[in-house]
Amino acid sequence: MSKFKTISWMHFLALIIELMSSPSGALAYNVVSFGAKGDGRTDSTLAFLRAWMAACSSVRPSTLSVPRGTFLIRSVTFTGPCRNSIQFAILGKLVAPDNYYAIGNLGYWIQFHKVSRLSIIGGTIDAKGARYWSCRRHGQSCPQGARSISLQWCNSVLVRGLTSYNSQIMNIAINRSNNVKIQNLKIIAPSGSPNTDGIHIEYSMGVTIKDSIIKTGDDCISLGQGSMNVWIEKIGCGPGHGISVGSLGNSFNEGGVQNVTVTNSIFTKTQNGVRLKSWARPSGGYARNIVFRNLVMRNVGNPIIIDQKYCPNNICPRQNSGVRISQVTFKNIKGTSSTQAAMTFRCSSSNPCSGIRLQDIKLTYINRLRRPTLAYCENAIGSSNGKVFPRSCL
Ligand SMILES: *[C@@H]1O[C@H](CO)[C@@H](O)[C@H](O)[C@H]1NC(C)=O
Ligand SMILES: *[C@@H]1O[C@H](CO)[C@@H](O)[C@H](O)[C@H]1NC(C)=O
């Protein structure tokens, strides 16, 4: 009897949801109908999960909608596969609890796992990372930290119009996911906030990132091992550490990075502009077919840099990097450097960089009346074309 009642209640709910469905034919699941409260205080995690489960099991395309308001959620995984495409449409704001352990222990805040045909549209998320960074800065024992949005084993994903504030560590992590498009994002964390990379890619193919503003404490975008076929266009980066391939050479058996283009972007007061970095240790990894072009540097620390002796904190392997770097083009890169080192190619003696191409470069010292900029080469082989200033050392 009670089982029968449950079923009929479910049918009734399904009917209500049918009636609320949008004219496009997609079924709409509003988190508020599942118990979420946009008051900024009530824990809405379970309501979001219930709405997800309903939307994900819909045979028709579905929309999970988050209306205006501030919704408090803890670490949550939205798991697929779903039966049809699913859109996460966010008008309001999602915030993490004040206590940083609530999301910091699991390594992620909002995670999507094995979801295909997913779009995340609009919205603001705030992980409230400040206290967590302060814990790290004071060398206390802190949790590992949470990536604000984590895509794991997802395919055909669109993220558009999202604003992410104050992630504990990376803002957006794309891992083992293919065909991912990211557009019109704003990512904001203070300069100097530790490890708050804007977007990190790892073991993923076919990733496009466009028309976005990234201000952060670490790399605006970092491309880790196994990143392939990546297109990055119209990014405003800074403050931050620039756009980086690496750090590679984390482990011996790691995937390579290949076919990456970064174009039409502006770097403002960043620590680096475009960079490839690897740890100085044996590795089977590689980075090849990388193009950096049409870039403007404004007061950037190291506008162009390949560093195979990457050692940010003085505790490093100090062997020869086994990562093979080849076919890297820097073309039409102009602007100012805040140090004299406008171009640095510090490559491995056991695996020199090859096929480095420079074309139409003009990078002047911010204080140009005092000193010229310089190019520095170590184990780097390549060619230069057109006007290149400072003069190439290849
Ligand atoms: C990617 O996934 C692997 C496990 O498959 C995990 O060890 C790693 O930490 C993940 N990286 C990111 C950036 O999510
Ligand atoms: C390189 O990546 C782009 C996307 O950025 C893709 O369109 C192109 O087909 C890829 N080229 C190869 C040879 O895979």
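Worth knowing before you read on, the calculation uses all heavy atoms, side chains too, and leaves out hydrogens, waters and symmetry mates. Counting starts at 1 for both ligands and their atoms, following the listed order. Positions are given from 1, in the same order as the sequence printed here.
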* To do: Taking atom 11 (N) of ligand 2 as the reference point, report whether a protein heavy atom occurs under 4.0 Å from it.
  => yes
* Asked: When you check the gap from the basic side-chain N to the acidic O, do Arg275 and Asp307 get nearer than 4.0 Å?
  -> no
* **Arg371 NZ/CZ over Tyr365 ring centroid, <6.0 Å and within 45° of normal** => no
* Asked: Any protein heavy atom sitting closer than 4.0 Å to atom 8 (C) of ligand 1?
  -> yes
* Protein heavy atom under 4.0 Å of atom 14 (O) of ligand 2 -> yes
* Contacting atoms of ligand 1, where contact means under 4.0 angstrom from a heavy atom of His200 -> 13 (C)
* Asked: So, Thr63 and Ser65: side-chain donor and acceptor under 3.5 Å apart, yes or no?
  -> no
* **Short N-O contact, Asp360 and Lys387, less than 4.0 angstrom** => no
* Between Asp211 and Arg160, is the closest basic N to carboxylate O distance under 4.0 Å? -> no
* Which residue owns the protein heavy atom closest to atom 5 (O) of ligand 2, what's the atom, and how far is it? -> Trp231 CB, 3.5 Å
* Asked: Considering distance alone, does some N or O of Trp153 sit under 3.5 Å from an N or O of ligand 1?
  -> no
* Salt-bridge criterion met for Glu378 and Lys309 (N-O under 4.0 Å) -> yes
* Looking only at distance, does Glu202 have an N or O less than 3.5 Å from an N or O of ligand 1? -> yes
* To do: Provide the number and element of each atom of ligand 1 under 4.0 Å from a heavy atom of Asn175.
  => 1 (C), 2 (O), 3 (C), 8 (C), 10 (C), 11 (N), 12 (C), 14 (O)
* **Tyr101-Tyr132 aromatic ring centre distance below 6.0 Å** => no
* To do: Could you tell me the residue and atom name of the protein heavy atom closest to atom 2 (O) of ligand 2, and the distance to it rounded to 0.1 Å?
  => Asn259 ND2, 2.4 Å
